[in-house]
Amino acid sequence: MNKFIKSTTMLSVAAMLAGVAFTSGVAFANKPDANSNPAGGDQKIENDILVKSTKASVDGHAFTAYRLGSYHDVQFDGDTLSGYNMVAENNLDTVLKEAVKAAVIHNGVVDAGFTELVDTAGEFKGEAKALSPLQFVNKYFHGAGSDVYGNEKADKTQLREFADYLVKNAKDKLGAGVKATGENGKVDFDLTDDQNGLYLITETTAADKQGDQTVARAMVVGTALKHGAKYVNEAKGYKLGEIQLKADKVTVQKTVSAADQTAGVGSVRNFTITSNVPNYRADETGVKYEIGDTPSANLSKADKVKVAVDVNADGKYDAGDTELAANTDYTVEQHADNNGFTIKFKTDTAAELAKISGKKLVVNYDMTVANLSTDTVSNQADVTYSNNPYDKSSSKTTKTPVDKSVSNARLYHVDLNLEKVKYGDAATKLQGAKFEVTRDGQAVKFTVDNGSLVEDKAGAATDFTMGRAHLKGLAANSTTPVTYHFKETQAPAGYVLGDHPVEFDVKVTPESESGVLKKVKYEVSSQNHANFIDLGLKTAEVAVNPAADTTAVTPDQAVLVENTTSLTNFAKTGGEILLYVALAAGLGAAGSATLYAARKRRTAA
């Protein structure tokens with residue numbers, strides 16, 4: 001029993017001919033008899049050959065092997081392979097010759113290196129005149145280097161085009177073939193000894209089973225050559241049967257910056273999308289390759305969009321990358337129904353295609369938080385690409401999952417509750433107080449959003465009237481302490497402000513570890529009115545909980561700001577105490593003067 005195994009791409013075809021010495025560049029696979037040895041070697045041959053899968057997967061993928069021709073007159077000089085003949089399957093010589101013609105003649109011109117072998121009509125001449133099509137392929141289509149998938153002696157363009165022609169034009173002439181499905185990283189085709197020969201391998205996976213990878217290109221692979229009871233799977237230092245699938249898995253990933261910062265309206269988040277481009281050939285101009293982003297509704301349109309080839313393959317947009325030019329290498333189209341965009345790469349010429357083919361791309365851009373009604377910036381990135389080398393109309397879209405941290409960034413926002421209560425009585429709630437708030441001496445502006453007061457530089461409100469207020473989005477984008485100064489400018493009806501209205505500070509301190517926000521500290525204080533804020537929040541430390549349903553970082557207690565109906569309560573504050581001391585001193589002096597005058601009158605009498 002002879003078995004050849006196909007795993008993840010094509011290895012170069014045999015470069016041998018009956019009666020000619022063996023040359024390098026063979027692509028054989030085999031299952032030899034157990035414990036047998038290769039001709040002329042001491043290496044033990046296992047029942048299965050080594051299979052590699054470096055760029056895509058074969059598991060669950062279906063393939064068909066079509067025999068193009070069989071080996072005849074295999075010759076050995078002792079244990080050294082010296083030559084063999086290749087005979088085409090019944091009725092295939094004509095279509096095989098057409099495939100050779102398509103591979104070496106383009107636009108009526110014979111390729112360089114073949115002008116002495118083929119005329120413009122596709123007829124063999126010179127030293128190739130007597131060769132059959134398969135003999136021609138075996139002798140002249142082997143390569144000198146590796147292809148992009150790591151297959152040795154497989155970089156010859158003509159061999160690839162020979163295989164492609166057969167897939168596009170001759171599959172109906174190749175018979176039923178042998179079918180197999182990939183499992184555990186390999187595809188096994190079980191062949192009997194009389195099925196040895198040269199095969200065309202094509203992928204026949206159903207579209208819904210294709211996954212996030214391209215359809216494999218056709219591969220031309222030979223089985224092992226039998227020598228007595230043994231099989232040759234190595235020649236001229238090349239191990240036969242180690243083949244790689246000619247397909248690419250396409251992935252897309254997304255990251256977002258500022259994980260160490262709190263968020264607010266106007267916060268800017270920097271996004272990076274990375275994706276790899278399949279290995280399109282130079283003659284595959286016009287293929288589709290697009291990268292898109294659909295942002296959550298709380299984000300503005302993308303700004304400062306930059307696209308580059310990720311030369312360092314580090315998933316970052318940095319100085320070492322090769323930047324691509326907008327409107328020259330790609331265009332950016334804004335979505336009509338949301339703030340997303342699609343980057344469409346230009347591939348109409350070979351030069352345009354060469355800039356991205358087989359490359360890893362990085363897209364970098366900014367988006368601004370428009371509101372805090374959504375707890376995350378859950379952008380979903382996607383890449384749409386032509387996925388079938390034999391059908392340009394076929395494409396596949398791969399997306400980042402919205403439930404993974406790679407595409408989500410939670411917007412942790414600092415919130416604070418304020419309440420107005422009666423002096424010394426936290427249970428009695430009051431309405432109608434008005435406050436002004438400043439930060440670094442500048443008035444803080446607010447936007448009202450679902451009953452919350454959201455700090456917003458573009459907001460219209462510079463003060464607010466409340467009995468209870470929920471402040472949202474404080475200390476946005478800061479990694480250092482931020483202090484807010486509150487001043488009451490209007491007391492509830494029936495209550496008084498005094499000569500010095502109640503003023504207090506709230507200090508907010510975000511703390512991060514390893515670039516990730518971990519907690520927020522709160523400290524409430526007043527220089528002159530501590531007795532008016534002594535019933536509620538004084539200090540708090542709130543940990544950030546990534547597993548929580550909400551991203552609001554809010555102390556359990558509210559800041560309770562008291563109002564009084566008696567001016568005497570203000571005596572407890574520093575400024576008022578000095579006033580009362582002065583008044584008391586004045587009254588004491590007046591009393592002493594009166595007593596002195598009375599005594600003087602009694603003495604005179």
Side-chain angles (χ1 to χ4, degrees), residues 207-214 248-259 261 263-278 287-308 310 314-317 324 326 330-345 356 359-387 394-413 516-517 546-551:
D208 61 345
K209 303 290 186 182
Q210 190 63 39
D212 296 328
Q213 64 186 57
T214 58
D248 297 281
K249 183 175 178 63
V250 179
T251 62
V252 58
Q253 294 180 316
K254 185 170 187 177
T255 58
V256 59
S257 67
Q261 295 180 5
V265 172
S267 295
V268 176
R269 293 294 184 261
N270 181 259
F271 294 90
T272 300
I273 300 174
T274 55
S275 185
N276 62 297
V277 183
V287 293
K288 176 185 289 188
Y289 192 81
E290 302 173 355
I291 295 177
D293 181 33
T294 301
S296 47
N298 58 337
L299 291 173
S300 67
K301 290 183 178 180
D303 186 31
K304 301 178 183 178
V305 178
K306 299 181 287 289
V307 183
D310 189 8
D314 57 3
K316 300 176 182 178
Y317 180 85
L324 300 178
Y330 65 89
T331 58
V332 180
E333 295 185 4
Q334 294 291 334
H335 295 175
D337 55 347
N338 58 53
N339 285 334
F341 62 85
T342 298
I343 298 173
K344 296 185 176 182
F345 292 87
I356 65 169
K359 307 292 197 308
K360 185 175 182 180
L361 302 181
V362 56
V363 179
N364 185 268
Y365 54 97
D366 291 339
M367 283 187 166
T368 302
V369 178
N371 62 72
L372 295 177
S373 58
T374 304
D375 284 341
T376 58
V377 284
S378 53
N379 299 41
Q380 186 171 46
D382 60 80
V383 57
T384 300
Y385 54 96
S386 295
N387 72 322
S394 176
S395 63
K396 179 81 176 178
T397 298
T398 298
K399 298 182 178 182
T400 56
V402 296
D403 58 342
K404 300 294 185 183
S405 60
V406 69
S407 58
N408 281 320
R410 306 203 77 185
L411 294 176
Y412 294 106
H413 46 90
V516 178
L517 182 67
D549 292 333
T550 179
T551 54

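Quick note: residue numbers are just sequence positions, from 1.
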Distance in Å, [X] [atom1] paired with [Y] [atom2], rounded so as to fall on 0.5 Å steps:
X      : Y      : atom1 : atom2 : answer
Ser275 : Lys360 : OG    : NZ    : 9.5 Å
Thr398 : Asn276 : OG1   : CG    : 9.0 Å
Lys396 : Asp382 : NZ    : CG    : 13.0 Å
Ile343 : Thr384 : CD1   : OG1   : 12.0 Å
Thr551 : His413 : OG1   : NE2   : 3.5 Å
Asp248 : Asp212 : CG    : CG    : 12.5 Å

On a heavy-atom basis, which atom in [X] and which in [Y] lie closest, and how many Å separate them?
X      : Y      : result
Ser394 : Asn387 : OG-OD1, 2.7 Å
Leu411 : Ala263 : CD2-CB, 3.8 Å
Pro278 : Tyr289 : CD-CE1, 4.0 Å
Ser296 : Asn379 : N-OD1, 4.1 Å

If we only count heavy atoms from C-beta on, is the [X] to [Y] side-chain gap below 4.5 Å?
X      : Y      : answer
Thr294 : Asn338 : yes
Lys316 : Val362 : no
Phe345 : Val277 : no
Arg269 : Met367 : no
Ile291 : Val252 : no

Using a 3.5 Å distance criterion without hydrogens, assess whether the side chain of [X] forms a donor-acceptor pair with backbone atoms of [Y].
X      : Y      : value
Gln380 : Thr400 : yes
Ser267 : Val369 : no
Asn298 : Ser373 : no
Asn270 : Tyr365 : yes
Asp303 : Asp366 : no

By salt bridge (Lys or Arg N to Asp or Glu O under 4.0 Å) - contacts of Asp293 (at least two apart):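 In terms of salt bridge (Lys or Arg N to Asp or Glu O under 4.0 Å), with neighbours along the sequence ignored, Asp293 is linked to Lys254.
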
query: Does atom NZ of Lys301 have more than 12 heavy-atom neighbours from other groups under 6.0 Å away?
result: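 Not buried by this count: 12 neighbours or fewer within 6.0 Å.
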
message: Whether the Thr214 and Tyr385 side chains hold a donor-acceptor pair (N or O, under 3.5 Å, no angle test) is what I'd like checked.
response: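 Note: Thr214 and Tyr385 side chains miss the donor-acceptor criterion.
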
field: Ser300 and Asn339 side chains, donor-acceptor separation under 3.5 Å
entry: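 Looking only at side-chain atoms, Ser300 and Asn339 do not form any donor-acceptor pair under 3.5 Å.
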
